[in-house]
Amino acid sequence: MDRRSDVALDVDFARGHFPQLANGWAFMENAGGSYVPRSVVDRTARYMSELQVQPNYGFAASVEATARLAAGKAVVASFLNADASELVIGPSTTMNIYVLAQALRSSLEPGDEIIVTNQDHEANSGAWRRLAEFGIAIREWRADPATGELSLARLDPLLSSRTRLIAMPHCSNIVGTINDVAAVALMARRHGALLAVDGVSYAPHRLPDVKALDVDFYYFSLYKTFGPHVGAMYIRKALFSRLTPQNHIFIKTPPATLNPGGQPHEFSAALVGIADYIEALDDHHFALPAAHLRARFDRIFTLFAGHEDRIAGRLLDGLAARPDIRVIGNPRADGSRAPTLSFAVAGQTAGAVAGHFFAHRVALGHGDFYALRLITALGLADQGGVVRVSLAHYNDDEDVDRFLAALAALPRP
Ligand SMILES: Cc1ncc(COP(=O)(O)O)c(C=O)c1O
């Protein structure tokens, strides 16, 4: 695989694919939902204008619809290094996890234990915690209240012969630090426990590999990864027999058993637009063709990471220069964090600080981002949570300059 370090992301070329970027704002709320390349918009429109029929029949439009849905799933399979037969494309990650938790429930017994974190988005926490109603004991793996980070040392004492599942984020939507999922997978195996990982905040920045990580369940949201509003869930094939079907009683074949309501058709077809975009980037940056789509994903995401680390480093340096600002998580973009940066300003609510940035046409987020347990543990609930500036690969130095200029104008205590 070509990993030449002399190749850097051509950000202007990337930006040219995103029509939304022309609105005059520095868009830094990518962790809430990324922009989509024109190819995704086009694929959605083409499915709706050319087909819009039920798949799985023998007439021509239906045959084509079936093929386009399968092609969309194949793109996600390649992205995760999974097989399409191990994937559910559902309406959202929250819904996918809810269905999974219900499906796993009947294989659990009262007294069995599930480990959840207080670092997760509630999607990967609440659905598991609810199983307490059925006698399942919930153990909480707590983040460091100063940094928001998880440590393996705090996980170890929670594991026991009753542990059946660990649910954790690959990367928190607030802290940004990448958690050592492979190490947790080893710990889970030693105790015979399953591992369910939320990759929503990781997947836009680094290429997941469910096989290398050795996870049992892995989910992410395509609408935060340059795609339409759907969620994908990987399920290790050997586990299907342990999961009670959640779809109609007569639907017996997985993964459809874990996909009540089926996949959103036009958006599943539109997933191919993500591959179109990656292929355009790959053709632009590399002279030699890649062996397959996964290899293209791999080398383009390597470019994304290099660029994101550089511009996130500039933001972090700017934030570190202000003694009145507390940055959550790793204060350096040293390869171990996503460019999802959260901070709190002494004496100012998150909403007031965000309003200041809006006045400078910087779009960012503020609040708890549905990770209320973490915000509470960090002691920031009374301040309205954090301000979150979250980058994607198409953010450029001008965006960072705009942010830093706004930061310089932010009143000091
Ligand atoms: C880390 C994380 N996990 C899960 C979710 C929920 O994803 P969805 O909106 O697809 O249900 C989000 C959404 O913000 C998130 O940031």
Side-chain angles (χ1 to χ4, degrees), residues 80-82 86 88 93 96-145 148-172 175 177-202 208-220 233-244 254 258 336 371 373-374 377:
L80 291 175
N81 194 24
E86 303 169 304
V88 166
T93 293
N96 284 340
I97 300 173
Y98 180 80
V99 170
L100 177 66
Q102 294 304 309
L104 199 60
R105 179 163 67 91
S106 52
S107 71
L108 302 172
E109 286 170 10
D112 283 350
E113 297 175 5
I114 289 181
I115 298 176
V116 293
T117 79
N118 67 345
Q119 195 197 54
D120 272 277
H121 181 286
E122 191 66 11
N124 196 31
S125 191
W128 301 114
R129 289 174 193 259
R130 280 184 192 195
L131 300 186
E133 290 167 29
F134 302 92
I136 310 301
I138 305 297
R139 304 269 173 263
E140 193 177 69
W141 178 13
R142 293 202 179 128
D144 182 322
E149 293 181 328
L150 292 172
S151 76
L152 298 180
R154 285 183 184 226
L155 170 63
D156 198 47
L158 299 175
L159 284 156
S160 80
S161 60
R162 298 304 308 257
T163 310
R164 296 288 171 263
L165 178 89
I166 304 171
M168 68 178 288
H170 202 164
C171 171
S172 136
V175 184
T177 307
I178 296 167
N179 293 316
D180 191 348
V181 168
V184 177
L186 274 175
M187 293 165 84
R189 293 293 153 258
R190 258 185 249 127
H191 290 82
L194 300 173
L195 178 58
V197 177
D198 177 348
V200 171
S201 293
Y202 178 90
D209 184 333
V210 294
K211 297 287 148 65
L213 291 170
D214 197 23
V215 292
D216 298 294
F217 312 109
Y218 193 95
Y219 14 81
F220 76 107
M233 175 162 69
Y234 159 81
I235 297 169
R236 187 195 291 277
K237 214 178 247 177
L239 294 172
F240 280 127
S241 57
R242 281 169 64 179
L243 299 171
T244 308
L258 283 313
S336 67
R373 295 172 201 274
L374 177 66

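Nothing here was measured: the structure is a model prediction, and the numbers come from that model. Values below: all heavy atoms of this structure, side chains included; hydrogens, waters and symmetry mates excluded.
- To the nearest 0.5 Å, atom CE of residue Met187 and atom CG of residue Leu195 are 11.0 Å apart.
- Closest approach of Ala103 to Leu258, counting heavy atoms only: CB-CD1, 3.4 Å.
- Taking all atoms of both residues into account, the shortest heavy-atom contact from Ala143 to Arg154 is O-NH1, 3.8 Å.
- For the pair Arg162 (side chain) and Leu159 (backbone), a donor-acceptor distance under 3.5 Å is absent.
- In this structure a side-chain-to-backbone donor-acceptor pair under 3.5 Å is missing from Trp141 to Leu152.
- The distance from the NZ atom of Lys211 to the OH atom of Tyr218 is 13.5 Å, given to the nearest 0.5 Å.
- The two atoms that bring Pro169 and Asn124 nearest to each other are N-ND2, 4.3 Å, heavy atoms only.
- For Arg129 and Glu140, the salt-bridge test passes: some basic side-chain N is under 4.0 Å from an acidic carboxylate O.
- Within the 4.5 Å cutoff, side-chain heavy atoms of Val184 are placed close to those of Met168.
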Could you walk me through whether Leu108 and Ile114 pass the side-chain contact (heavy atoms from CB on, under 4.5 Å) check? CA-CA 10 Å; Leu108 302 172; Ile114 289 181; 4.0 Å; yes
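- Of all heavy-atom pairs between Ala196 and Tyr219, the closest is CB-OH, 3.2 Å.
- Atom CZ of Arg189 is surrounded by more than 12 heavy atoms from other residues, nucleotides or ligands within 6.0 Å.
- Checked by atom type and distance alone, the side chain of Gln119 pairs as donor or acceptor with a backbone atom of Gly148 at under 3.5 Å.
- In terms of modelled atom types and a separation under 3.5 Å, the side chain of Asp112 and the main chain of Ile136 share no donor-acceptor contact.
- Not one N or O on the side chain of Asn81 forms a donor-acceptor pair closer than 3.5 Å with the backbone of Val210.
- Summarising the geometry, atom CG belonging to Leu243 is positioned 6.0 Å from atom CG belonging to Leu104; distances are rounded to the nearest 0.5 Å.
- Separating the CZ atom in Arg373 from the CZ atom in Arg142 is a distance of 10.5 Å, to the nearest 0.5 Å.
- Between the CD1 atom in Ile97 and the OG1 atom in Thr93 there is a gap of 6.0 Å [rounded to 0.5 Å].
- A salt bridge links Asp214 to Arg236: one of the charged nitrogens lies within less than 4.0 Å of a carboxylate oxygen.
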Show your working on side-chain contact (heavy atoms from CB on, under 4.5 Å) between Val197 and Leu213 and close with a plain yes or no. CA-CA 10 Å; Val197 177; Leu213 291 170; 6.0 Å; no
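- When all heavy atoms are compared, the tightest approach of Tyr234 to Val215 is CE2-O, 3.6 Å.
- The line from CD1 of Ile115 to OG1 of Thr163 is 4.5 Å long, rounded to the nearest 0.5 Å.
- Shown here is Phe240, whose CZ atom has more than 12 heavy atoms of other residues, nucleotides or ligands within 6.0 Å.
- In terms of heavy atoms, Ser125 sits closest to Asp120 at CB-CB, 4.3 Å.
- For the residue pair Asn179 and Tyr202, no side-chain donor N or O sits within less than 3.5 Å of a side-chain acceptor on the partner.
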Ile178 and His170: CA distance, side-chain angles, deciding distance, side-chain contact (heavy atoms from CB on, under 4.5 Å) verdict: CA-CA 6 Å; Ile178 296 167; His170 202 164; 4.1 Å; yes
